[in-house]
**Student:** 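Let me give you the structure first, and then I'll get to my questions.
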Amino acid sequence: ADVTASPTARDCVLTEWTDWDTCTRGCGGGTQRRTRSVDVEPTTDGGQCEELSEERNCNELAARLRLPRHTGDR
């Protein structure tokens, strides 16, 4: 069986990643997400698309680690 891709095979082409979204939480651990989209749809015998979104953790420091504000000090 010949498994060579046909001359009409078209690989998936993806756009560049977007910038990371704003973190979902200001402290105590949140997530950020970025996305990309399909620029060229692949044929069934072409290279298929990879993930279209990614997530990462952000602002993992707990809120209690912040220094207290002293309103009376000038």
Side-chain angles (χ1 to χ4, degrees):
D2 187 5
V3 293
T4 307
S6 70
T8 58
R10 189 173 60 234
D11 292 341
C12 177
V13 177
L14 299 173
T15 62
E16 293 295 313
W17 287 106
T18 61
D19 291 335
W20 288 101
D21 291 342
T22 304
C23 193
T24 56
R25 295 183 65 180
C27 58
T31 56
Q32 288 176 296
R33 187 176 179 158
R34 68 178 182 171
T35 58
R36 59 186 174 180
S37 53
V38 177
D39 205 21
V40 176
E41 290 284 348
T43 55
T44 52
D45 55 349
Q48 298 306 297
C49 299
E50 296 174 11
E51 291 296 316
L52 297 179
S53 66
E54 279 186 343
E55 244 181 41
R56 70 178 181 186
N57 294 334
C58 54
N59 293 339
E60 294 177 337
L61 294 178
R64 60 185 159 76
L65 296 179
R66 289 186 175 178
L67 295 174
R69 285 198 179 142
H70 296 290
T71 55
D73 295 345
R74 293 186 186 249

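None of these values were measured; they are calculated from a predicted model.
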**Student:** Under 3.5 Å, side chain of Asn59 to main-chain N/O of Cys27, donor-acceptor pair present?
**Tutor:** no

**Student:** Can you tell me if Glu54 uses its side chain to pair, donor with acceptor, with the backbone of Gln32 under 3.5 Å?
**Tutor:** no

**Student:** How far apart are the closest heavy atoms of Arg34 and Asp19, and which atoms are they?
**Tutor:** CB-O, 3.8 Å

**Student:** Does CD in Glu16 sit with more than 12 non-hydrogen atoms of other residues, nucleotides or ligands closer than 6.0 Å?
**Tutor:** no

**Student:** Rounded to the nearest 0.5 Å, what separates atom CG in Asp21 from atom OG1 in Thr31?
**Tutor:** 9.0 Å

**Student:** Taking the six-membered ring of Trp20, is NZ or CZ of Arg56 closer than 6.0 Å to its centre and within 45° of its axis?
**Tutor:** yes

**Student:** Of all residues at least two apart in sequence or in a different chain, which pass the side chain to side chain donor-acceptor pair (under 3.5 Å) check with Arg25?
**Tutor:** none

**Student:** What is the minimum heavy-atom distance between Asp11 and Gly47, and which atoms define it?
**Tutor:** OD1-N, 2.6 Å

**Student:** To the nearest 0.5 angstrom, please state how far the CH2 atom of Trp17 sits from the OG atom of Ser53.
**Tutor:** 6.5 Å

**Student:** With a 4.5 Å limit on heavy-atom distance, are the side chains of Val38 and Leu52 in contact?
**Tutor:** yes

**Student:** Using 0.5 Å steps for rounding, measure from the OG1 atom of Thr24 to the CZ atom of Arg33.
**Tutor:** 12.0 Å

**Student:** In terms of side-chain heavy atoms, does Thr18 have a donor or acceptor partner in Arg36 at a distance below 3.5 Å?
**Tutor:** no

**Student:** As a test of understanding, state which of Val13, Asp39, Leu14 forms a side-chain contact (heavy atoms from CB on, under 4.5 Å) with Cys49.
**Tutor:** Leu14

